Amino acid sequence: MKKPNKRPTPAFLEYASDMLANREFRLLSLAERGLLMTMRYECWANKCVPSSPSEMSTMLALSELEVTKHLTPNVLSFFHQSGLNLNCPELDKYRENLLAREEAQSRGGSNGGRATQRKNREAKAIIEGNLEASLEGKVKPLNRNELNRKEIDRKST
């Protein structure tokens with residue numbers, strides 16, 4: 001079965017209080033925080049950023065001087081170097097969790113659909129007389145409210 005082309009997850013959830021409570025983040029200057037957040041956004045959209053300050057500045061539309069000046073070890077502590085690129089392990093893990101949840105929901109939906117179709121086929125076969133119907137198959141069980149309510153006799157009113 002061919003999987004449909006799905007759009008990538010559009011956003012990541014981040015609580016400001018968690019980021020502001022992060023010691024490494026609080027140690028950053030305002031400019032370093034701006035570069036960090038820009039790099040994280042790029043990593044979410046494109047999974048990585050170039051590790052070279054000159055390539056990064058071109059990709060992020062920033063001046064090479066600004067990137068070189070603010071790409072400090074504190075900023076780099078949020079990233080992992082993989083070849084010629086930097087990626088954000090936190091965002092990568094978050095993306096993997098989202099994809100795993102979507103896959104589990106998809107499997108659950110498929111299994112539920114198959115079960116529903118099987119029940120519908122069995123019910124249709126019973127109606128058409130192709131299978132021996134049991135009493136349980138013909139009688140719909142009462143729900144809780146039907147068991148407790150008092151029936152009103154129309155003739156007595």
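Here the structure is a predicted model, which means the values were calculated and not measured. Index from 1, following the sequence.
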**Request:** Check whether the side chains of E24 and S77 place a donor and an acceptor atom closer than 3.5 Å, and report yes or no.
**Result:** no
Q) Hey, what's the ring geometry for W44 with F12, parallel, tilted or perpendicular (30° and 60° as the breaks)? A) tilted
Check your understanding: Do you reckon F79 sits in the same ILVMFWY cluster as L27, going by side-chain contacts under 4.5 Å, direct or chained?
Key -> no
ask   = Does the side chain of M56 come within less than 4.5 Å of L86's, by heavy atoms?
value = yes
query: With a 4.5 Å heavy-atom cut-off, do M39 and E42 have their side chains touching?
result: no
Distance col, row L36:CG vs C43:SG, nearest 0.5 angstrom, shows 9.5 Å
Check whether Y15 and Y94 end up in the same hydrophobic cluster, where Ile, Leu, Val, Met, Phe, Trp and Tyr are linked by side-chain heavy atoms less than 4.5 Å apart.
-> yes
Any heavy-atom pair between the side chains of L62 and H70 that's under 4.5 Å?
no
| query | With side chains defined as the heavy atoms from C-beta onward, is the minimum distance between L35 and L60 less than 4.5 Å? | reply | yes
Practice prompt. Answer yes or no: is there a side-chain heavy-atom contact under 4.5 Å between P50 and L84?
Written response: no
In this structure, CD of E64 is separated from NZ of K69 (nearest 0.5 Å) by 14.5 Å
Rounding to 0.5 Å, atoms OG (S17) and CG (N22) come to a distance of 11.5 Å
Rounded to the nearest 0.5 Å, the CG atom of D92 sits from the NZ atom of K47 at a distance of 9.0 Å
